[in-house]
Structure formats: structure tokens, C-alpha cells
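Atoms within each ligand, like the ligands themselves, are counted from 1 in listed order.
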Amino acid sequence: MAPHTEKVANVLVEWTESGIPSLQSIIDAAAAGMVSRKDEPYRTFVADLTLERAKDFLSKMIRLGHESVLEHINFQFWVSMSRVASHQQVRHRMASYTQMSLRKKRSLTPDDFVVPPQIRPEDLDEWIADTKNVIATYEKWLAKGYDVDVARRKLTQEARTDMVITINARSLRNYFNLRAKHDADFEINTVAKKMYNLIEKQGLAFLFDDIGFS
Ligand SMILES: Cc1cc2nc3c(=O)[nH]c(=O)nc-3n(C[C@H](O)[C@H](O)[C@H](O)COP(=O)(O)OP(=O)(O)OC[C@H]3O[C@@H](n4cnc5c(N)ncnc54)[C@H](O)[C@@H]3O)c2cc1C
């Protein structure tokens with residue numbers, strides 16, 4: 001497929017250093033579900049709870065809709081995307097965010113802007129020339145002595161921003177349900193799918209098996 005039609009945006013998604021949920025946190029989430037059902041206290045059965053048993057149990061909890069146990073499993077990502085996508089991202093309130101501030105004066109280049117993959121190769125130079133004009137306008141208002149709070153209002157929505165996101169498995173399921181579908185905006189759709197790909201590589205896709213990705 002040609003780059004402009006495959007709708008994969010140039011967003012970056014990585015685990016943070018502590019971003020992958022520990023296997024013990026998966027076991028403990030299942031143990032939490034068992035606490036709600038068993039007569040015995042947590043300490044008496046957790047040592048014998050294997051990861052495979054925990055995965056089976058959590059899959060059953062998901063089928064039953066007992067999803068609060070998934071709140072014990074936390075993921076953390078570093079993401080770089082446009083301001084337009086980050087605005088959609090932070091609408092997901094059941095997560096924690098720390099975002100790059102544009103209140104700090106930035107030395108911007110066209111690489112600090114996310115080019116939509118729909119831009120046809122013959123239009124790319126024109127698109128980037130427009131982006132350079134945006135940067136020049138931002139710098140013009142800074143040079144006139146205006147505060148960065150004023151100048152940044154001239155930046156367009158495709159300006160890139162980085163953020164760290166901490167989100168639990170329950171909220172991530174809701175996020176994937178809404179954003180990993182084809183009718184979501186192409187950029188946040190790419191973010192969601194890249195998160196899922198990272199999770200799949202860690203053998204944790206079972207938490208999202210019932211969600212249709214498109
Ligand atoms: C295709 C698409 C188009 C969209 N278009 C628009 C649009 O045009 N305009 C617009 O404003 N938004 C739009 N949105 C954003 C959407 O309305 C949600 O704000 C966003 O997807 C976050 O979802 P959420 O509230 O489920 O997530 P979260 O904020 O993470 O909330 C998770 C869940 O917690 C519960 N919850 C959270 N807060 C409350 C509360 N205050 N009261 C009751 N329950 C709560 C709900 O069950 C919710 O599903 C769009 C989203 C999608 C996917």
C-alpha cells in the first residue's frame with residue numbers, strides 16, 4: 001500500500017522503564033479476584049498461583065464483566081504524537097498524563113510536526129513549506145518580544161508533543177474499544193495499535209482478546 005493511503009501516522013510509542021506490568025502484578029490481579037470469591041485469605045493461596053492459572057482466571061473475570069480486578073494491572077508508555085491526537089488522548093480521564101509543555105520556548109523544526117500519512121508524495125514539499133511558515137510565524141512573534149504563551153498560539157495542531165501515560169488494564173480496554181477501531185482518527189488509532197503491539201509482544205494480549213481491532 002502507498003504511504004499516503006495506509007493511514008499509519010508517524011507517532012512513537014514505547015514502554016517506559018517501568019511500563020511493562022510485572023508478572024506478579026498479573027498474578028495479584030487474579031488473586032484479588034479470588035479474594036472476592038474464596039473463603040481463605042490471600043496469603044494462603046497466592047504462593048501457589050501460577051501465571052497460567054492467573055491468566056485463565058482473569059479471562060474468566062473479563063467474560064463475567066468483573067473488570068475492577070483489572071485496575072490492579074498498570075501500563076506506562078512514552079508517546080510522541082501531534083497536539084490534535086494528544087487532545088483526544090487526554091479525554092480518556094481514567095489515566096495519568098504528563099505532557100511536554102509548549103509554555104517553554106522551543107527551537108522548532110519541521111520534525112517537530114507530525115505529517116499526516118495521507119499527504120501525497122507530490123504534495124509533501126508544499127506541506128512542509130507551510131509548516132516552515134508556521135515556525136517562522138511563531139518565531140516572529142517571539143522576536144517581537146511577546147511571551148511564549150502568546151507566540152505558541154500561532155502553532156498548529158500537528159505540532160508534536162511527548163507524554164508519559166500511566167493507564168490500568170480496565171481503562172486501556174475502554175481506550176482500545178474506542179480508539180483501536182477504524183472510525184477513530186487515524187493518528188490516535190495508530191497510537192492504540194502500537195500500544196497493543198507492544199503488549200502482545202509481552203504475552204499480555206489475553207487481557208484484550210475480545211476487543212476487535214480494525
Ligand atoms: C470516534 C469518536 C468520536 C468522538 N467525537 C467526539 C466529539 O465530537 N466531541 C467530544 O467532545 N468528544 C468526542 N469523543 C470523545 C468521547 O466522547 C470520550 O470523551 C472519549 O472517548 C473518552 O472516553 P471515556 O469517557 O469512555 O474515557 P474515560 O474518561 O477514561 O472514562 C472511562 C469510563 O469511566 C466512566 N466515566 C468517566 N467519567 C465519568 C463521568 N463523569 N460520569 C460518568 N461516568 C464516567 C465511563 O464509563 C467511561 O466510559 C469521541 C470519541 C470517539 C472514539
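Within the 4.5 Å cutoff, side-chain heavy atoms of M34 are placed close to those of R53. Using a 4.5 Å cut-off on side-chain heavy atoms (C-beta onward), L204 and Y196 make no contact. M100 has its side chain within reach of R106: a pair of non-hydrogen atoms, C-beta onward, lies under 4.5 Å apart. The side-chain heavy atoms of R120 and W127, taken from C-beta on, include no pair separated by under 4.5 Å. By the 4.5 Å heavy-atom criterion applied to side chains, K105 and L142 are counted as neighbours. Considering only heavy atoms from C-beta on, F113 stays 4.5 Å or farther from N10 through its side chain.
The protein atom (non-hydrogen) at minimum distance from atom 26 (O) of ligand 1 is N174 ND2, 2.9 Å. Nearest protein heavy-atom contact of atom 9 (N) of ligand 1 is R91 NH1, 4.5 Å. Looking only at protein heavy atoms, the nearest one to atom 28 (P) of ligand 1 is R93 N, 3.4 Å. Residue, atom and distance of the protein heavy atom nearest to atom 1 (C) of ligand 1 are D183 O, 4.0 Å.
Under the 4.0 Å distance rule, the nearest protein heavy atom to atom 35 (C) of ligand 1 falls outside the cut-off. Distance check for atom 19 (O) of ligand 1: a protein heavy atom is found below 4.0 Å. Shown here, atom 39 (C) of ligand 1 is in close reach of the protein: a heavy atom of it lies under 4.0 Å off. For atom 52 (C) of ligand 1, a protein heavy-atom neighbour is present inside the 4.0 Å cut-off. Protein heavy atoms are absent from the 4.0 Å sphere centred on atom 6 (C) of ligand 1. Atom 11 (O) of ligand 1 is flagged as protein-proximal [any protein heavy atom, distance under 4.0 Å]. Proximity of atom 32 (C) of ligand 1 to the protein is indicated by at least one non-hydrogen atom lying closer than 4.0 angstrom. Taking a distance limit of 4.0 Å, we find that atom 16 (C) of ligand 1 is approached by no protein heavy atom.
Taking a 6.0 Å sphere around CG of D149, one finds it holds more than 12 heavy atoms contributed by other residues, nucleotides or ligands.
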Next item on the list: Would you check, one step at a time, whether the test salt bridge (Lys or Arg N to Asp or Glu O under 4.0 Å) holds for D210 with R63?
Entry: CA-CA 9 Å; D210 55 323; R63 282 197 300 279; over 6 Å; no

Next item on the list: Applying salt bridge (Lys or Arg N to Asp or Glu O under 4.0 Å), run through R83 and E158 and close with a yes or a no.
Entry: CA-CA 6 Å; R83 283 258 155 189; E158 72 268 27; over 6 Å; no

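For atom 23 (O) of ligand 1, the candidate residues are L178, I188, V90; the nearest heavy-atom contact is made by L178.
Residue D185 does not touch ligand 1, judged by heavy-atom distances below 4.0 Å. Residue R179 touches ligand 1 through its side chain alone, judged by heavy-atom distances below 4.0 Å.
Using the six-membered ring where Trp is involved, Y42 and F45 have ring planes that are perpendicular, over 60° apart on the 30 and 60° scheme.
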